[in-house]
Amino acid sequence: MKIFIDTANVEEIKKANEWGVIDGVTTNPSLVAKEGREFKELVREIVNIVDGHISVEAISTNAEGMVKEAVALSEWSQNIVVKIPMIPEGLRAVKILNAKSVKTNVTLVFSVNQALLAAKAGATYVSPFIGRLDDIGHEGMQIVRDMVEIFNTYNFKTEVIVASIRHPLHVIEAAKAGAHVATVPFKVIEKMFKHPLTDIGLERFLEDWEKIPK
Ligand code: G3P
């Protein structure tokens, strides 16, 4: 399973990239707004840090506008993937963009039917937001399991990005479900590293090393 980082913060992206654990980046307008930086300059910087797919979101709500935006964004780098909202106009845009070889990530996906339609339209990725489903009392991960099963059964090329991840257990569940990608916030990646026995073990090894005559 590929791990993307779900942030627009350059420091977080740099750190995770140096750790060697990330394969790409996903952003959304809310994450970009938090950075208070000029959009194009920020995206260009991210593209230069990570050698992998970088999702940036189109904000038009009609197909013509989305296609125009997506074509322009994709010219910034061959690694740009354009996030398109899961609405009928969005899928109309995905079909046109697929024919133009522009990579898409259908976002705000909350059901298996939505994912099936996005795959039919030729989306490169679909992003089920599992944390937001958990928040309203639905088991988010179940739609991921179902999507992966359906995509495998029919050999859809569309990859499932598990998004809206809240904690390390979500990452394990995404991997067990056979998701192609989990997009993980920086704080959750940090937690994935942690185990108290690792810290205690390292401390003890270093103490014992001091006792060895050199
Ligand atoms: O990038 C999309 C998604 O990961 C957003 O997550 O935490 O705002 O539900 P969240």
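Whatever order the structure lists ligands and atoms in, that order sets their numbers, starting from 1. For reference, positions follow the sequence shown, starting with 1.
- At distances below 3.5 Å, not a single donor-acceptor pair connects side-chain atoms of Glu12 with backbone N or O atoms of Thr7.
- The backbone N or O of Thr183 lies less than 3.5 Å from no partner atom in the side chain of Thr26, so there is not a single donor-acceptor pair.
- Applying the salt bridge (Lys or Arg N to Asp or Glu O under 4.0 Å) rule to Glu45 yields the partners Arg37; only residues at least two apart in sequence or on another chain are considered.
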Give every donor-acceptor pair under 3.5 Å between a side-chain atom in residues 195-202 and any protein atom, sequence neighbours left out.
from   : atom 1 : to     : atom 2 : distance (Å)
His195 : ND1    : Leu197 : N      : 3.1

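- For His167 (side chain) and His170 (main-chain N/O), a donor-acceptor pair under 3.5 Å exists by modelled atom type.
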Atom pairs and distances, donor-acceptor, side-chain atoms in residues 78-86, under 3.5 Å, two or more places apart:
from  : atom 1 : to    : atom 2 : distance (Å)
Asn79 : ND2    : Gly52 : O      : 3.4
Lys83 : NZ     : Thr27 : O      : 3.0

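- Within 4.0 Å of ligand 1, protein heavy atoms belong to Asp6, Asn28, Lys83, Phe129, Arg132, Ala163, Ser164, Arg166, listed by chain and number.
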